[in-house]
Amino acid sequence: MKIPTALTLTGLDFQLTAEPGRAPWLTLARDGAPLLTFGGLRCDDFEERNTLVTRFRKHLTDDRLAGSLVLENTIPFGGEYRLRRTLELVDRRALVTLDVTPGAGLRTLELEPLCAPGPWRELRIRLFDGTEYRRTPGAEPECYYAGATPILALQLRGEDGRELEIGVGGDLWRHAGAEADGLFEVSGQRDEIRCRRRPLALPETDDQQRRTRRFCSYFCWNWTAEPPPAPDRELPFATAELPPSAFRLAADARPR
């Protein structure tokens, strides 16, 4: 079966386009205007470019409120790093799970650089240690945070009411265990906010580790202050015919 080079999930009010091996490889947009992009990650000295894709598929529900993407690919350089991603989307929320399996050890791992085109009028950063930063992005580039303490959540609010949040969700312990010279950074200006995440950077004296590493994160968004649109058709739950099941009980509590 031929593996596609690009896939797009078209929801009620968004488009999520994935193009493995390109920069950016994942783009969340509405009517062609991007809200968030993912660049390629870096394993040791090798970027995620010209990767070999072995599995790439999508799924979208009939009401277009939920969907998923699965991507498996290999960086064919160095130790041939195998990558597996799953994205689960439900009603303007997305959970991203990344598994990295090195073929010959892994010393440095930098997750996908994130870019959020503006304009943005408010920025909020929450760190794992409880520190919180609030900024109003200006016209000139600046660094809002850079340090070894992982970012719990990054929240942005736009001039037009758009909202975007990026975080680690329930995956606290993996990010909190950033090894050696971990680096997390948020920078940019009003027209574009960028986020860099490097949870692993072992010194040359340490042995490289071949175990699979998993990192989970999430992003959610809102285009305006209005609620999400309703499905374009009603699903007849009350009158739908259900298939036979051992878990269906009649009124007298006896299996049918």
Side-chain angles (χ1 to χ4, degrees), residues 6-9 11 13-43 46-51 69 71 73 75 83 85 87 89 92-98 108-127 133-147 150-169 175 182-199 215-223:
L7 288 176
T8 298
L9 287 175
D13 62 349
F14 73 91
Q15 300 86 40
L16 188 71
T17 301
E19 299 178 272
R22 303 194 61 173
W25 82 269
L26 185 70
T27 301
L28 171 67
R30 182 186 189 186
D31 297 331
L35 178 68
L36 177 65
T37 65
F38 285 63
L41 57 77
R42 176 186 287 270
C43 295
F46 303 101
E47 294 185 14
E48 187 183 6
R49 293 183 180 177
N50 300 319
T51 60
L69 278 173
L71 170 63
N73 57 324
I75 300 177
L83 313 176
R85 293 183 179 90
L87 287 82
L89 296 95
R92 295 181 178 176
R93 300 172 182 87
L95 175 64
V96 184
T97 302
L98 166 68
T108 303
L109 173 63
E110 185 162 340
L111 302 179
E112 303 97 334
L114 307 176
C115 178
W120 302 107
R121 65 177 176 85
E122 184 179 342
L123 176 150
R124 185 178 181 184
I125 303 170
R126 293 181 178 179
L127 304 182
Y133 300 94
R134 291 175 180 265
R135 298 288 187 269
T136 300
E140 298 299 323
E142 60 180 305
C143 181
Y144 305 106
Y145 170 73
I151 298 170
L152 181 65
L154 168 63
Q155 298 171 318
L156 302 172
R157 182 169 296 175
E159 300 283 355
D160 55 359
R162 293 183 303 161
E163 295 176 312
L164 175 65
E165 180 174 328
I166 306 162
V168 299
H175 287 79
L183 175 64
F184 302 86
E185 180 181 294
V186 178
S187 61
Q189 63 268 11
R190 182 186 301 118
D191 291 336
E192 182 180 87
I193 300 297
R194 297 177 297 277
C195 182
R196 180 185 177 191
R197 305 165 294 164
R198 190 182 67 195
F215 292 93
C216 299
S217 59
Y218 73 89
F219 60 93
C220 54
W221 67 94
N222 193 20
W223 299 113

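Since we're looking at a predicted model, the values are computed, not measured.
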Rounded to the nearest 0.5 Å, what's the gap from [atom1] on [X] to [atom2] on [Y]? Could you check?
X      : Y      : atom1 : atom2 : value
Leu127 : Phe184 : CG    : CZ    : 10.0 Å
Ile193 : Leu164 : CD1   : CG    : 10.5 Å
Asp160 : Trp120 : CG    : CH2   : 8.0 Å
Tyr144 : Leu154 : OH    : CG    : 10.5 Å
Gln15  : Asp31  : CD    : CG    : 6.0 Å
Leu111 : Glu48  : CG    : CD    : 11.0 Å

**Prompt:** Passes side-chain contact (heavy atoms from CB on, under 4.5 Å), Arg42 versus Thr108? Steps please.
**Reply:** CA-CA 8 Å; Arg42 176 186 287 270; Thr108 303; 5.9 Å; no
**Ion pair Arg124/Glu122, N-O distance below 4.0 Å** =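 No salt bridge links Arg124 with Glu122.
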To check you understand the geometry: which heavy-atom pair defines the closest contact between [X] and [Y], and what is its length?
X      : Y      : result
Ala29  : Pro34  : CB-CA, 3.8 Å
Gly40  : Pro113 : O-CD, 3.4 Å
Leu89  : Trp221 : CD2-CH2, 4.1 Å
Pro199 : Leu109 : CD-O, 3.3 Å
Glu165 : Ala153 : OE2-CB, 4.2 Å
Leu35  : Pro117 : O-CD, 3.5 Å

**Arg22 atom CZ, over 12 foreign heavy atoms within 6.0 Å** =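 At most 12 heavy atoms, drawn from other residues, nucleotides or ligands, come within 6.0 Å of this atom.
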**Prompt:** With no hydrogens and no angle check, do the side chains of Thr8 and Thr17 hold a donor and an acceptor under 3.5 Å apart?
**Reply:**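 Yes, because at least one side-chain N or O of Thr8 sits under 3.5 Å from a partner of the opposite role on Thr17.
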**Prompt:** Looking just at side-chain N and O atoms, do Glu140 and Gln189 make a donor-acceptor pair shorter than 3.5 Å?
**Reply:**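 Checked: Glu140/Gln189 side chains show no N/O donor-acceptor pair below 3.5 Å.
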**Prompt:** Are any non-hydrogen side-chain atoms of Leu71 and Leu7 less than 4.5 angstrom apart?
**Reply:**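 Heavy-atom side-chain distance check fails, nothing below 4.5 Å.
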**Request:** Anything under 30° is parallel, anything over 60° is perpendicular, the rest tilted; go ahead and classify Trp25 against Phe38.
**Result:**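 If you compare the ring of Trp25 with that of Phe38, the planes turn out perpendicular.
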**Asked** Quick one: which of Gln155, Arg157, Arg92 gives a side-chain hydrogen bond (donor to acceptor under 3.5 Å, both in side chains) with Glu163?
**Response**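 Among the candidates, only Arg157 passes.
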**Asked** When you look at Leu26 and Leu87, which way does the side-chain contact (heavy atoms from CB on, under 4.5 Å) test go after all the steps?
**Response** CA-CA 11 Å; Leu26 185 70; Leu87 287 82; 3.5 Å; yes
**Request:** Have a look at Arg197 and tell me which of Glu185, Glu112, Glu110 forms a salt bridge (charged side-chain N to carboxylate O under 4.0 Å, His left out) with it.
**Result:**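 Option passing the salt bridge (charged side-chain N to carboxylate O under 4.0 Å, His left out) with Arg197: Glu112.
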**Message:** Apply side-chain contact (heavy atoms from CB on, under 4.5 Å) to residues Asn73 and Arg85 and explain how you reach the verdict.
**Reply:** CA-CA 9 Å; Asn73 57 324; Arg85 293 183 179 90; 4.1 Å; yes
**Message:** Val186 and side-chain contact (heavy atoms from CB on, under 4.5 Å): which single residue from Leu156, Leu114, Ile166, Leu123 fits?
**Reply:**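 Filter result, single survivor: Leu123.
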